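Just so you know, these numbers come straight off a predicted model, no measurement behind them. In what follows, every chain begins at residue 1, and chains take the letters A, B, ... in the order their sequences are listed.
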There are 2 protein chains.
Amino acid sequence: MTKAGKTVLIVDDEAPIREMIAVALEMAGYECIEAASAQEAHSHIVDHKPDMVLLDWMLPGTSGVEFARRLKRDDLTAEMPIIMLTAKGEEDNKVQGLEAGADDYITKPFSPRELVARLKAVLRRATPQGIEEPIEVSGLMLDPVCHRVTSNSKPVEIGPTEYRLLQFFMTHQERAYSRAQLLDQVWGGNVYVEERTVDVHIRRLRKALGEAHEHLIQTVRGTGYRFSTKAS
Amino acid sequence: MTKAGKTVLIVDDEAPIREMIAVALEMAGYECIEAASAQEAHSHIVDHKPDMVLLDWMLPGTSGVEFARRLKRDDLTAEMPIIMLTAKGEEDNKVQGLEAGADDYITKPFSPRELVARLKAVLRRATPQGIEEPIEVSGLMLDPVCHRVTSNSKPVEIGPTEYRLLQFFMTHQERAYSRAQLLDQVWGGNVYVEERTVDVHIRRLRKALGEAHEHLIQTVRGTGYRFSTKAS
DNA sequence: CATAGTCGTCACGCAAGTGTCACATTCCTG
DNA sequence: CAGGAATGTGACACTTGCGTGACGACTATG
């Protein structure tokens, strides 16, 4: 896999909770750094440049909200996504937290699955650079900004799922993916659908691309599919 | 089925529930072992080395959580994925269970479909496919990531079995293998096929490789075959 | 409430892949 | 140089995997 696991900074004053979260995230393939306070968190941010921050609402000294505000004010860290952790029953804090600049919030207790899912979602949303640029392959163009696909300058009508599928393929060319991997990457891990469903969407995508480009999506028999410009 | 099914250990004190789960999993192609208690589970783990554990929250004697903790503490079993089964409405258990090291949770009642799907997901994550580098031998290249074979940069069309055969040969060069060994390594152990079948696939592989590279697969008369760059 | 669009699932059929056989060919041995 | 054993080779029936159209559930939209 080309993407080295993203780094997540966990800020919480309770060590067991930090540990618990760290274990869950590491199992999902993330790197974890832990911090018990805002000060500690800040120095870690400078040192390790994490890709995002998991921030507990309650912190000794500087509170989580305040810390989030500070991060968002600083240009260096303004782009860094933040997920806030709040205890149950402090629902009202949601508004305050989001106002402070948090990208999402999770109320304890939460399942590891939920945590990882939302973390993934936030990270996906918060990686604008690179994905913004249109991708073009032999006359087939996908423009993420306009959310539009054109085949030889003619618009291609596809549903959201086919769009994500195509985007994934175009950003991961030449490599063969199993149906399970595609479900993970395109459908998003925590959703449960039949593997053969992938086939149907491949079919729809090929149909939409038309004769001009359907050959770019190749069947790897017994394995899965592949997006490639080279002939199979 | 050619693919060796993973083995799942089901730990639950209620026999009907175990049975139900086992049926669902076996239909999905998994091997099942059942245990009614932590003790029984432990001996099964030692004996059968299952690929993962389905663990009921409530167990007589040693509870499920406790058992999970024990498994995670032992180096031998720390890597083994655990899915916890919890009764409905005990959401708080999630946190406790995660602390114990469970990889996922399923709350009863659940559909077989969901069970299988999540099980698959957990197993997938727990089996990180190593970084596979392309192998190249005098113009013949096999790229496991792209699942593609090229002979002097020209694509080679081969079926799944020939692909596995070639991959095995290229990762085990210069050594002679008997037909029985090849059946074990490439076909996967417990399948019964005629030894002469290997000959046929060797033939198909040679044909696919073409004159440029068919000589790499050498016949060792009275023994089997060998993949070698040196002339025989 | 009606309509259109999308999604996941299923059932059917075709085509690729697989294992086995029969026969041809090669190789070794006496 | 015969004869048998081991391997090469083409053909065949059977199995498996994938393409494909259809359908019901769901959602958003007017």
Side-chain angles (χ1 to χ4, degrees), chain A residues 147 149 155-166 176-180 182-184 186-211 214-226 232, chain B residues 1-5 27-29 111-114 116-117 120 147 149 155-167 176-180 182-184 186-211 214-226 232:
Chain A
H147 206 270
V149 180
V156 175
E157 297 285 340
I158 51 176
T161 306
E162 280 76 53
Y163 179 86
R164 286 200 312 269
L165 187 57
L166 180 61
Y177 291 94
S178 70
R179 292 169 176 73
L182 290 173
L183 283 178
D184 257 8
V186 178
W187 273 253
N190 50 345
V191 85
Y192 308 111
V193 276
E194 291 290 323
E195 293 201 343
R196 293 282 331 253
T197 299
V198 175
D199 297 22
V200 179
H201 282 275
I202 289 281
R203 146 80 174 150
R204 287 171 181 159
L205 181 53
R206 277 175 175 159
K207 200 172 183 180
L209 293 182
E211 287 194 10
E214 62 180 355
H215 65 276
L216 290 174
I217 297 170
Q218 302 167 352
T219 304
V220 185
R221 188 160 254 264
T223 302
Y225 297 94
R226 171 178 53 204
S232 64
Chain B
M1 197 169 284
T2 45
K3 70 172 176 186
M27 282 200 297
S111 71
R113 172 179 301 278
E114 188 188 354
V116 171
K120 225 183 241 174
H147 207 274
V149 180
V156 175
E157 299 277 352
I158 51 176
T161 306
E162 281 76 55
Y163 179 87
R164 288 199 311 272
L165 188 57
L166 179 61
Q167 182 172 33
Y177 291 93
S178 71
R179 291 169 177 73
L182 289 173
L183 283 178
D184 260 9
V186 179
W187 272 253
N190 32 4
V191 281
Y192 176 69
V193 278
E194 291 292 324
E195 291 205 342
R196 293 289 327 260
T197 300
V198 174
D199 297 21
V200 179
H201 282 276
I202 290 281
R203 147 79 174 148
R204 287 170 181 160
L205 182 52
R206 278 175 173 159
K207 199 172 184 181
L209 292 182
E211 288 193 7
E214 63 180 354
H215 66 275
L216 290 174
I217 297 170
Q218 302 165 354
T219 305
V220 185
R221 198 173 178 84
T223 303
Y225 297 94
R226 171 180 52 205
S232 62

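Contact of the B:L209 side chain with the B:L216 side chain is not registered, since no non-hydrogen atoms from C-beta on lie closer than 4.5 Å. Under the 4.5 Å side-chain criterion, counting only non-hydrogen atoms from C-beta, B:R179 is not in contact with B:T197.
Within the nucleic acid shown, A:V198 has no heavy atom closer than 4.0 Å to any nucleic acid atom. Backbone-only engagement by B:R179 is indicated by non-hydrogen atom pairs under 4.0 Å involving sugar-phosphate atoms exclusively. Counting non-hydrogen atoms under 4.0 angstrom, A:T197 reaches a base of the nucleic acid. Counting any heavy atom pair closer than 4.0 Å across all strands shown, A:R206 reaches sugar-phosphate atoms only and no base atom. Within the 4.0 angstrom heavy-atom criterion, no nucleotide atom of any strand lies near B:E214. Within 4.0 Å (heavy atoms only), B:Y225 reaches sugar-phosphate atoms of the nucleic acid but no base atom.
The side chain of A:W187 contributes no N or O atom lying less than 4.0 Å from OP1 or OP2 of C:dC7. Distances shorter than 4.0 Å separate none of the side-chain N or O atoms of A:T219 from OP1 or OP2 on D:dC18.
Considering only the side chain of B:V200, C:dT20 comes nearest among D:dG8, C:dT20, C:dC10.
Per the geometry, CD1 belonging to B:I217 stands 15 Å off P belonging to D:dT7, to the nearest Å. We find that CZ of A:R221 is positioned 9 Å from P of C:dT18, with the value rounded to whole Å. Between the P atom of C:dA11 and the CD atom of A:E194 lies a distance of 11 Å, rounded to the nearest Å. The nearest whole Å value for the distance from the CD atom in A:E162 to the C1' atom in C:dG8 is 12 Å. At whole-Å resolution of the value, CD1 in A:I158 and P in C:dG5 are 16 Å apart. In this structure, NZ of B:K207 is placed 8 Å from C1' of D:dT9, rounded to the nearest angstrom. One atom, CD1 of A:I202, and another, P of D:dG19, lie 8 Å apart when rounded to the nearest Å. If you measure from atom NE2 of B:H201 to atom C1' of C:dG19, you get 7 Å, rounded to the nearest angstrom.
Atom CZ in A:R206 sits 9.0 Å away from atom CD in A:Q218 (nearest 0.5 Å).
Annotation: of the two residues near DNA chain C, B:Y192 and A:R204, the 5′-most nearest-nucleotide partner is A:R204.
With B:Y225 as the partner, the side-chain contact (heavy atoms from CB on, under 4.5 Å) test is satisfied by one option alone out of B:L205, B:L182, B:L165, B:V220: B:L182.
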Give the intermediate values and the outcome of side-chain hydrogen bond (donor to acceptor under 3.5 Å, both in side chains) for residues A:H201 and A:T161. CA-CA 8 Å; A:H201 282 275; A:T161 306; 4.6 Å; no
